[in-house]
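As the structure lists them, so they are numbered: ligands from 1, and atoms in each ligand from 1.
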Amino acid sequence: MSLLNLLWLGLWPGAASLWLILLVAGASWLLARFLAWTYTFYDNCRRLQCFPQPPMRNWFLGHLDLVPPTEEGLMEQTHLVATYPQSFKTWLGPICPVITLCHPDIIRPVLNASAAILPKDIKFYSLLKPWLGDGLLLSGGDKWSRHRHLLTPAFHFQVLKPYVKMFNETVNFMHGSWQTLVGAQKVLTSSLSHRSLVSLDRMGKLLHCFLPSSCRKPSEYLAGILELSALVLKRYNRLFFLRLDFLYHLTPDGRRFHRACRLVHDFTDAVIKKRRHTLSDQGIGEFLNAKTKAKTLDFIDVLLLSKDENGKQLSDEDIRAEADTVMFGGHDTTASGLCWALYNLARHPEYQERCRQEVRELLKDRQPEEIEWDDLAQLPFLTMCIKESLRLHPPATSISRTCTQDVVLPDGCVIPKGNTCVINIFAIHHNPSVWPDPEVYNPYRFDPENIQKRSPLAFIPFSAGPRNCIGQTFAMTEMKVVLALTLLRFRVLPDQREPRRKPEVVLRAEGGLWLRVEPLVEGPK
Ligand code: HEM
């Protein structure tokens with residue numbers, strides 16, 4: 001703008017030159033920022049050249065929609081990992097590269113890095129923040145290490161042991177309702193949707209394990225959790241601008257999310273308050289004695305009693321975040337694992353029969369037919385079948401991290417600081433250079449002899465390294481109890497409807513996973 005124009009605007013010459021200086025300074029700053037950004041972008045592209053890149057749709061869209069969350073997307077992933085068995089680079093639009101890692105040797109430095117160097121990638125996880133707060137899944141740095149340390153005892157086998165009884169009871173309840181549904185038809189065709197398994201079995205169990213049964217309105221709480229999960233996923237798959245909080249909260253879904261969050265938080269808060277009250281009334285000694293005697297020490301108790309090395313306890317807000325996180329982390333994942341394990345056994349009657357014989361042998365002469373903690377190690381073939389199912393159908397198909405430092409991979413490639421990398425669990429489990437005939441369901445891959453021949457990172461349904469799944473023993477215990485009793489009492493048969501896999505927060509089947517169940521005995525009394 002010329003000096004003359006500024007004079008015309010009514011500014012005196014001194015002010016006009018001041019404006020001009022500010023304008024030039026502003027423009028130079030913007031130009032400098034743009035040049036710096038261009039240089040950084042160019043440098044990043046150059047450094048990422050060591051990663052192979054599948055063909056793009058075009059320069060603007062990059063690889064967007066290359067692997068949609070559908071059956072076709074998963075088939076494309078299988079194809080990609082066969083072509084690029086170590087790692088590859090894709091572009092989400094013109095300026096956002098993502099490095100996908102799909103080989104056990106390559107993921108080692110990423111999984112073993114500390115949570116401070118490779119924190120969780122916030123694209124998806126930030127949507128969970130209003131619900132889960134600073135719980136284990138979302139927190140980072142010192143807070144995460146302190147909480148992980150304090151939470152670990154809550155998953156100790158001594159705490160988990162009494163849950164086995166509860167797993168038996170809820171599976172009996174589930175089978176009771178299957179028997180009623182079967183009625184005179186002899187065969188029940190049922191969609192093992194996550195909702196049905198979750199509501200009949202899993203959620204009730206988790207709720208009793210982690211929150212006391214005396215709580216008010218547990219069913220509303222369960223409904224709240226299911227609604228929150230569905231809303232988070234819906235938002236993630238929506239247009240980018242709905243990721244902005246202030247816009248989202250103006251939408252009907254945003255308001256529903258807010259209401260469900262409040263309901264879930266109020267519920268957890270009430271539980272914690274009540275427990276604190278009992279603790280202060282009884283005193284730690286009596287409280288612990290009563291709980292140990294009744295074998296009802298649970299997750300909330302462990303958190304309430306835990307103290308770090310400086311004697312500092314967790315605040316109520318921290319405990320709430322952890323309880324909500326555990327409910328989120330555990331409710332759909334195990335249901336997904338169970339559904340797919342039943343599906344794989346339905347498709348392979350020979351393995352199903354071998355599992356059944358194993359359970360019959362274990363429980364012969366035992367009344368009531370109940371799986372106990374010590375039995376869990378006596379079901380080696382069933383365990384192999386579950387593991388092979390978790391390989392073929394991992395509930396969590398991928399996890400992602402942001403690099404806050406350059407990460408050097410074993411093949412010499414470097415993921416430069418600032419980039420996002422995806423540890424593609426599904427691709428690792430379907431990598432033909434690690435798993436011969438990866439699409440074949442073959443439990444013998446998990447024969448102890450065969451395990452030794454593979455990298456421990458070839459099978460990572462629960463992730464690995466310092467941020468692995470804290471609930472994996474809990475999940476495996478539950479899956480073993482549910483499957484053992486189910487196979488003892490029912491024959492599982494495939495339905496004509498072949499499932500189309502759908503990777504959402506967990507791996508599902510479009511329209512539910514349809515199976516037929518045929519009672520073998522009268523069912524639990
Ligand atoms: C088959 C069942 C399950 C599978 C496949 C599974 C898988 C995973 C995976 C892959 C992660 C790593 C997430 C990431 O790095 O972003 C994870 C973390 C986690 N899981 Fe699980 N999980 C299962 C069951 C459970 C259960 C039953 C609980 C609780 C009772 C649980 C609680 C958690 C928590 C709290 C974390 C965060 C740990 C941390 O960052 O320190 N999970 N899980």
For ligand 1, find out whether one of its N or O atoms is nearer than 3.5 Å to an N or O atom of [X].
{"X": "Thr325", "value": "no"}
{"X": "Trp144", "value": "yes"}
{"X": "Ser463", "value": "no"}

Seminar exercise, completed: In Val482, Val171, Leu483, Val481, the residue satisfying side chain to side chain contact (heavy atoms under 4.5 Å, CB included) with Ile371 is Val481
Contacting atoms of ligand 1, where contact means under 4.0 angstrom from a heavy atom of [X]:
{"X": "Gly330", "value": "25 (C), 26 (C), 27 (C), 28 (C)"}
{"X": "Asn468", "value": "38 (C)"}
{"X": "Arg148", "value": "38 (C), 39 (C), 41 (O)"}
{"X": "Phe474", "value": "27 (C)"}
{"X": "Pro461", "value": "5 (C), 7 (C), 10 (C)"}
{"X": "Arg401", "value": "14 (C), 15 (O), 16 (O)"}
{"X": "Ile470", "value": "34 (C), 35 (C)"}
{"X": "Lys120", "value": "14 (C), 15 (O), 16 (O), 40 (O)"}

Quick one: does ligand 1 sit under 4.0 Å from the side chain of [X], the backbone, both or neither, non-hydrogen atoms only?
{"X": "Glu322", "value": "neither"}
{"X": "Thr333", "value": "both"}
{"X": "Gln472", "value": "neither"}

Please state whether the rings of [X] and [Y] are parallel, tilted or perpendicular, taking 30° and 60° as the class boundaries.
{"X": "Tyr221", "Y": "Phe267", "result": "parallel"}
{"X": "Phe474", "Y": "Phe167", "result": "perpendicular"}
{"X": "Phe88", "Y": "Tyr84", "result": "tilted"}

Please determine if [X] forms a cation-pi arrangement with [Y], meaning its NZ or CZ atom is less than 6.0 Å from the six-membered ring centre and no more than 45° off the ring axis.
{"X": "Arg391", "Y": "Phe459", "answer": "no"}
{"X": "Arg454", "Y": "Phe446", "answer": "yes"}
{"X": "Arg347", "Y": "Tyr441", "answer": "no"}

Exercise. Counting only heavy atoms not in Glu439, do more than 12 fall under 6.0 Å of its CD?
Worked result: yes
Problem set entry | Sub-4.0 Å heavy-atom contact, Gly337 with ligand 1 | no
Exercise. With distance as the sole test, does Asp332 use its side chain to make a donor-acceptor pair with the main-chain N or O of Phe328 at under 3.5 Å?
Worked result: no
Problem set entry | Cys469, Ala464, Ser145, Ala341: member with heavy atom nearest to atom 22 (N) of ligand 1 | Cys469
Problem set entry | From Leu390 atom CG to Thr333 atom OG1, the distance as rounded to the nearest 0.5 Å | 10.0 Å
